[in-house]
Number of protein chains: 2
Amino acid sequence: MNNLSASLEDYLEIICNLLETSQSVKAVEIAKKLNISRASVSEALMKLAEKDLIIYEGHKGITITPTGLKKAQEVILKHKTLTTFFENTLGLNNTIAEENACKIEHVISDEVFFRIKTFQEYCEKNKNFIEDFKKGHKNTSHE
Amino acid sequence: MNNLSASLEDYLEIICNLLETSQSVKAVEIAKKLNISRASVSEALMKLAEKDLIIYEGHKGITITPTGLKKAQEVILKHKTLTTFFENTLGLNNTIAEENACKIEHVISDEVFFRIKTFQEYCEKNKNFIEDFKKGHKNTSHE
DNA sequence: ATTAATTGTAAGGCATGCCTAACTATTTGT
DNA sequence: ACAAATAGTTAGGCATGCCTTACAATTAAT
């Protein structure tokens with residue numbers, strides 16, 4: 001009962017991102033962001049609150065708990081690292097990189113994730129190697 | 001209605017793999033392989049048959065159609081390529097590589113997949129670069 | 001303060017994908 | 001050929017996660 005579904009991880013991630021620019025988030029903002037109904041968001045928020053990942057008080061808005069923040073940051077780190085790897089190392093465009101990171105972040109294990117992170121950093125230090133690779137892919141990387 | 005769920009892709013993949021060693025596959029073999037009930041397999045096979053990806057005739061066994069084979073091979077290629085990338089380039093052990101490939105193969109887009117494939121081949125030609133990277137990870141790669 | 005607009009909740013539905021239990025059909029062994 | 005074992009199906013359940021519709025609560029505007 002401790003593990004979050006891909007769906008709940010997404011909610012948490014969005015809440016955390018929205019909280020960076022405003023004090024408290026409203027359910028309707030999430031509904032708009034995810035393009036789903038207010039009712040579905042309401043249900044999901046109840047589940048997150050039950051797991052003590054957020055504090056949800058209806059019209060008063062949503063606040064994240066320390067546990068929730070930790071979990072959200074883990075997902076966000078996966079998201080960012082994967083996006084960077086797809087863009088900077090593989091040379092793919094941002095849209096494709098984001099879309100794929102969004103899905104893979106929920107299924108990748110910590111071991112593989114951290115290894116990709118380290119590898120990405122290693123590649124960052126070896127620009128020549130990556131530039132040579134990217135030369136064959138001018139098409140997709142900058143459309 | 002054309003897109004396969006991760007679950008149905010898994011069934012198709014296993015059917016294809018089992019067909020390599022025997023003429024026709026039985027539902028019970030899949031149930032054992034996936035560790036799920038015969039009833040669940042039965043349902044899934046009906047769905048695959050309805051989509052014309054397999055020919056299913058109960059006790060007579062399962063046969064794959066050309067369309068089904070094509071789809072299965074796509075998934076299998078993703079699976080193999082990802083596993084190889086995780087093992088040979090990132091230096092992770094086979095179990096972790098397989099587990100992650102198994103999940104990512106269902107959510108990764110073709111663009112990202114083909115780029116990883118090309119990148120993996122590029123790395124294969126530049127052993128030094130990869131060997132230097134792997135030197136820091138003796139632990140996980142060969143336990 | 002009262003109405004209107006916005007936001008949130010509850011109820012009932014649908015699809016996926018798994019389960020068990022009970023039943024049917026087929027195959028195998030003697 | 002017939003009983004036993006094996007394989008497959010059906011029915012009813014459960015959880016997730018989405019939907020719509022209708023209703024309730026809150027906030028904003030006049």
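Throughout, protein chains are lettered first and strands after them, A, B, ... in sequence-line order, and every chain is numbered starting at 1.
To the nearest angstrom, P of D:dG13 lies 15 Å from CD of B:E43. Rounded to whole angstrom, the span from the CG atom of A:L45 across to the P atom of D:dG17 amounts to 13 Å. Rounded to an integer number of Å, the gap from NZ of B:K47 to C1' of D:dT9 is 15 Å. The nearest whole Å value for the distance from the NE2 atom in A:H106 to the P atom in D:dG17 is 11 Å. If you take NE2 of A:H59 and C1' of D:dA24, they are 8 Å apart, rounded to a whole angstrom. Per the geometry, CD1 belonging to A:I62 stands 11 Å off C1' belonging to C:dG8, to the nearest Å.
Contact annotation: the side chain of A:I116 approaches that of A:I108 to within less than 4.5 Å [non-hydrogen atoms, C-beta and beyond].
The side chain of A:A39 lies closest to C:dA10 when the candidates are C:dA10, D:dA11, D:dG8. Of the candidates C:dC19, C:dA22, C:dT7, C:dT7 carries the atom nearest the A:R38 side chain, counting heavy atoms from C-beta on.
Of all the residues in residues 22-37 of chain B, B:N35, B:I36, B:S37 reach under 4.0 Å from DNA chain C with at least one non-hydrogen atom. The stretch residues 4-14 of chain B touches DNA chain C through B:S5, B:S7, B:Y11, each having a heavy atom under 4.0 angstrom from the strand.
At distances below 3.5 Å, at least one donor-acceptor pair connects side-chain atoms of B:K134 with backbone N or O atoms of B:N88. A donor-acceptor pair under 3.5 Å links the side-chain atoms of A:Y122 to the main chain of B:F129, judged by distance alone. A distance-only check finds no donor-acceptor pair linking the side chain of B:T83 to the backbone of B:A101 [under 3.5 Å].
Place A:K60 and B:K60 on DNA chain C by their nearest nucleotides, and A:K60 ends up nearer the 5' end.
Between A:S42 and C:dG8 there is no side-chain polar atom (N or O) within less than 4.0 angstrom of OP1 or OP2. Considering only side-chain N and O atoms, A:Y56 lies nowhere under 4.0 angstrom from the phosphate OP1 or OP2 of C:dT7.
The local environment of CD in A:Q23 is sparse, with at most 12 non-hydrogen atoms from other residues, nucleotides or ligands closer than 6.0 Å. Residue A:K78 qualifies as enclosed at atom NZ: its count of foreign heavy atoms under 6.0 Å is above 12.
Clustering ILVMFWY residues whenever any of their side-chain heavy atoms sit less than 4.5 angstrom apart, transitively, puts A:I104 in the very cluster that holds B:L92.
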